[in-house]
Engineer: 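Next up is a structure, given as structure tokens.
Here is how names work: the chains are called A, B, and so on, in the same order as the sequence lines, proteins then strands, and each is numbered from 1. Below, all heavy atoms of this structure are taken into account, side chains as well, without hydrogens, waters or symmetry copies.
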2 protein chains.
Amino acid sequence: MTDDRMSVREIAKLAGVSTATVSRVYRGVGSVSAATRAKVQAAIEQYGYRPSHLGEALANRRHGALAVVFPGLSGPYFAELINGVESVAVPRQVSVHVIGTHLRREAPDELLDVARRVDGMAIHGGTVPKTVIMELAARHPVVMIGPDPHPAPVVVRTDQQAFRLLVSHLLADHGLRKLVFVGNPEGSPDLTERWEAFAAAHAELGLRPGKQLRTGLEQTHGVQAADEVLAGGFDGAVCGNDETALGLMMAVLGRGLRVPGDLVITGVDDVPMSSLVSPGLTTVARPLAELGATATRLLLDLINGADVVPETVLPSRLVRRASCGCRD
Amino acid sequence: MTDDRMSVREIAKLAGVSTATVSRVYRGVGSVSAATRAKVQAAIEQYGYRPSHLGEALANRRHGALAVVFPGLSGPYFAELINGVESVAVPRQVSVHVIGTHLRREAPDELLDVARRVDGMAIHGGTVPKTVIMELAARHPVVMIGPDPHPAPVVVRTDQQAFRLLVSHLLADHGLRKLVFVGNPEGSPDLTERWEAFAAAHAELGLRPGKQLRTGLEQTHGVQAADEVLAGGFDGAVCGNDETALGLMMAVLGRGLRVPGDLVITGVDDVPMSSLVSPGLTTVARPLAELGATATRLLLDLINGADVVPETVLPSRLVRRASCGCRD
DNA sequence: TTGAAAGCGGTACCAT
DNA sequence: ATGGTACCGCTTTCAA
């Protein structure tokens, strides 16, 4: 239980070689005679020797770790993003610290501390104040995931075209005229962009923007928004993401009402649930895993001192299912 | 961007003192004259000096970090557990690595590697094979979260009494006679215990165990189980956790059926959604945050070489809401 | 109060 | 093919 691991020097002594040789054998580099290699291997296996990560990292001047900073970590959205991150980090042997700032009392200070333990960080838009990002970015490799109003060195994001298309679709094709935007743009760059696209789509048809109902981005928030949405006499609820949309849908169905009959509901992200529920959720598919993977790839490049394009925009795509009235 | 941080020696030189003094000032220990302290503080602030975590950890022979290993990371269950973990780790300045083994190709080997970067690990039951746990526990402080059939040094769990009570409640009070257990005991010690309690509650009333429908533990799995549950002609679905239950409920409502009218549904965990949906989900409340917090506290004790009780059992509680038919 | 120096556990350069 | 050795960045005796 107590961690009484062996050090290189001990293994070296036991195998009757130098620490340099042990290192060479363990990492499989340099040239070592078969005989010596065998001796060392034996010692390593006998004592279950694994080099201390600290010594290794200190000598390499590299932590072999990076941090991903999210506002929260609950839900399929972040899970998928993390999936993408790990898909490139794991094969490259770098470990990932997942940080959910909503848990931290003093997130900013906390992050400066996290920065001491990693080679770089990928930060989700809307998680930390401008000043912190700048302070961080000044000293460490930083990549932003999603839009952020702040001057960030490198950012990876998805476009908003499909979302605008979605709103136009509801307005033009389904003839809806009383849409409510469910989500709070404040503090979320993602939602700010969506709200703007929502308004733009209305303006394009000479319509007034529709109302905005400020809620959080989790399923529970969608459930809690139901009463207000229903009371507002809207014909469609354009939710900021799928989780809110699914929560809202659940609440609406639970009241014995029908979707899209009594209320059209749409989301954004196309999480797994969205294609499974009935009615299927009309939404905007975003390549979340790819978003995480790309951010990680760029971050790693940045860490390695490579030149990195400042902005990468990934495509999103409108997915029409039953909840908007397209089929049932 | 490139990480050109200063080292103690540089700060020491700039302040005209020794590295020892810089260290003393930064950490606020030992005695330093006010004048010297001021000089050093100035240098530290001017260059934004923060000691390298690696040097610090290497000298202290302590990573100041621990790992929490879960099967996955998605959903409110893990989010709440993590919340609990952080609630004790953060104040004590230890950072937390959250590992989701479902993402890792070769989880076992991966974990041995993670172990090199932390002082100890909290492992959720049912995530890694026996051999790995034993290998890990032999060398490092390990605490298991939730039941696990393997000989683990320290385990924190919740009891199954409320769950058994729940099943009895459905059987005895609501007179249900065709219950299906939704969840897969295989590979999940938690579900194994619940299945046993499910069977025991039936036996107690001289009834046959009811059927078992093997599914995963996520909301999507609940949705996907709907057809089979509905086709089976059951009067109640006892789900392995709330997420499955909520998914199932959503699918059932989406088909225009009623809960509990057409089907009684229950869960386990009492996640936030469960009290918000209509009908409210009857479930077993488990102190998830407390579970995570306790596991972390014990792990930290273990790391500090303290004696630790081998098993801690936290209470669970039956929460009757509308989905079982108790009110509507 | 302060500094010199010996580690902590590795890696890698430079000789041999 | 090996070994000696000088770091990596920080903490901490031990003296002064």
Engineer: Any side-chain N or O of A:Ser23 under 4.0 Å from OP1/OP2 of C:dT11?
Structural biologist: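 Result: yes.
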
Engineer: Measure the shortest side-chain to side-chain distance between B:Arg116 and A:Ser52 over non-hydrogen atoms and say whether it is less than 4.5 angstrom.
Structural biologist: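 No, every pair of side-chain atoms sits at 4.5 Å or beyond.
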
Engineer: Under 4.0 Å between any heavy atoms, over every strand shown, what does B:Tyr49 touch: base, sugar-phosphate, or nothing? Just pick one.
Structural biologist: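 Contact class for B:Tyr49: sugar-phosphate only.
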
Engineer: Spell out, as yes or no, whether a donor-acceptor pair under 3.5 Å connects the side chain of B:Thr294 to the backbone of B:Glu290.
Structural biologist: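 Yes: the side chain of B:Thr294 pairs with the backbone of B:Glu290.
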
Engineer: Would you please confirm or rule out a distance under 4.0 Å between OP1 or OP2 of D:dA1 and any side-chain N or O of A:Thr36?
Structural biologist: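 The answer is no; no side-chain N or O of A:Thr36 sits under 4.0 Å from OP1 or OP2.
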
Engineer: Would you mind telling me which residue lines up with the more 5' stretch of DNA chain C, B:Thr21 or B:Leu58, judged by nearest nucleotide?
Structural biologist: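 Closer to the 5' end of DNA chain C: B:Thr21.
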
Engineer: Choosing from C:dA12, C:dA5, C:dG7, which nucleotide comes nearest the side chain of B:Ala59?
Structural biologist: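 So the nucleotide nearest the side chain must be C:dG7.
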
Engineer: Which part of the nucleic acid, if any, lies within contact of A:Arg50, taking any heavy atom under 4.0 Å across all strands shown: a base, the sugar-phosphate backbone alone, or nothing?
Structural biologist: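 Counting heavy atoms under 4.0 Å across all strands, the contact made by A:Arg50 is with sugar-phosphate only.
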
Engineer: What does B:Val8 touch in the nucleic acid at a heavy-atom separation under 4.0 angstrom: a base, only the sugar-phosphate, or nothing?
Structural biologist: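 It contacts base atoms.
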
Engineer: When you measure from the side chain of B:Ala20, which nucleotide among C:dC8, C:dG3, D:dG3 comes out closest?
Structural biologist: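 From the listed options, C:dG3 comes nearest.
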
Engineer: Using whole Å, report how far CD1 of A:Ile11 lies from C1' of C:dG10.
Structural biologist: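 Nearest whole value for this atom pair: 13 Å.
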
Engineer: If we check side-chain contact (heavy atoms from CB on, under 4.5 Å) with A:Val69, which of these qualifies: A:Glu110, A:His97, A:Met121?
Structural biologist: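 Single pass found, and it is A:Met121.
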
Engineer: Whole-Å distance between C:dG10 P and B:Arg117 CZ?
Structural biologist: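 Result: 14 Å.
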
Engineer: Could you state the CD-C1' distance from B:Glu56 to D:dG9, rounded to the nearest angstrom?
Structural biologist: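 Rounding to the nearest Å, CD of B:Glu56 and C1' of D:dG9 are 10 Å apart.
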
Engineer: When the distance from CZ of A:Arg116 to P of D:dC8 is rounded to whole Å, what number comes out?
Structural biologist: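 Value for this atom pair: 19 Å.
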
Engineer: Can you work out whether B:Leu54 or B:Val29 has the more 5'-proximal nearest nucleotide on DNA chain D?
Structural biologist: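 By nearest-heavy-atom nucleotide position, the 5'-most residue is B:Leu54.
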
Engineer: Can you classify the ring geometry of B:Phe78 versus B:His124 as parallel (below 30°), tilted (30 to 60°) or perpendicular (above 60°)?
Structural biologist: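 Geometry flag for B:His124 against B:Phe78: perpendicular rings.
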
Engineer: Please confirm whether the shortest side-chain N or O distance from A:Arg61 to OP1 or OP2 of C:dG10 is below 4.0 Å.
Structural biologist: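 No, outside the criterion.
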
Engineer: I want to verify a distance call: between C:dT11, D:dC10, D:dT2, whose nearest atom is closest to the A:Val32 side chain?
Structural biologist: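 Side chain of A:Val32 sits closest to D:dT2.
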
Engineer: NA contact type, A:Arg24, heavy-atom cut-off 4.0 Å: base, sugar-phosphate, or nothing?
Structural biologist: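 It contacts base atoms.
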
Engineer: Assign B:Val17 to base, sugar-phosphate, or nothing according to its heavy-atom contacts below 4.0 angstrom with the strands shown.
Structural biologist: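 Counting heavy atoms under 4.0 Å across all strands, the contact made by B:Val17 is with sugar-phosphate only.
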
Engineer: Would you say B:Ser7 places a side-chain N or O within less than 4.0 Å of OP1 or OP2 belonging to D:dG9?
Structural biologist: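 Negative; the distance criterion is not met.
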
Engineer: So what does A:Ser31 touch, heavy atoms closer than 4.0 Å: a base, only the sugar-phosphate, or nothing?
Structural biologist: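 Answer is base: heavy atoms of A:Ser31 come under 4.0 Å of a base.
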
Engineer: Check this one for me: any side-chain N or O of A:Ser52 less than 4.0 Å away from OP1 or OP2 of C:dG9?
Structural biologist: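 Checking C:dG9 against A:Ser52, no side-chain N or O comes under 4.0 Å of OP1 or OP2.
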
Engineer: What integer distance in Å separates B:Lys39:NZ from C:dT1:P?
Structural biologist: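 Checked: the NZ to P distance equals 14 Å.
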
Engineer: Indicate yes or no: at least one non-hydrogen side-chain atom of A:Tyr77 is less than 4.5 angstrom from one of A:Glu218.
Structural biologist: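 Contact flag for A:Tyr77/A:Glu218 side chains = no.
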
Engineer: What is the distance, to the nearest angstrom, from the OH atom on A:Tyr26 to the P atom on C:dG9?
Structural biologist: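 Checked: the OH to P distance equals 16 Å.
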
Engineer: What is the distance, rounded to the nearest whole Å, between atom CG of A:Asn60 and atom P of D:dC7?
Structural biologist: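 Atom CG in A:Asn60 sits about 17 Å away from atom P in D:dC7.
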
Engineer: Between the side-chain atoms of A:Arg9 and the base atoms of C:dG7, is any donor-acceptor pair under 3.5 Å?
Structural biologist: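 No pair found.
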
Engineer: Atom NE2 of B:His53 to atom P of C:dG9: distance rounded to whole Å?
Structural biologist: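 My rounded result for the distance is 15 Å.
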
Engineer: Among the candidates C:dG10, D:dC10, C:dT1, find the nucleotide nearest to the side-chain atoms of B:Ser33.
Structural biologist: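 The listed nucleotide nearest to B:Ser33's side chain is C:dT1.
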
Engineer: For B:Val142 and B:Ala137, which heavy atoms make the closest approach, and how far apart are they?
Structural biologist: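 What the structure gives for the nearest pair is CG2-CA, 3.8 Å.
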
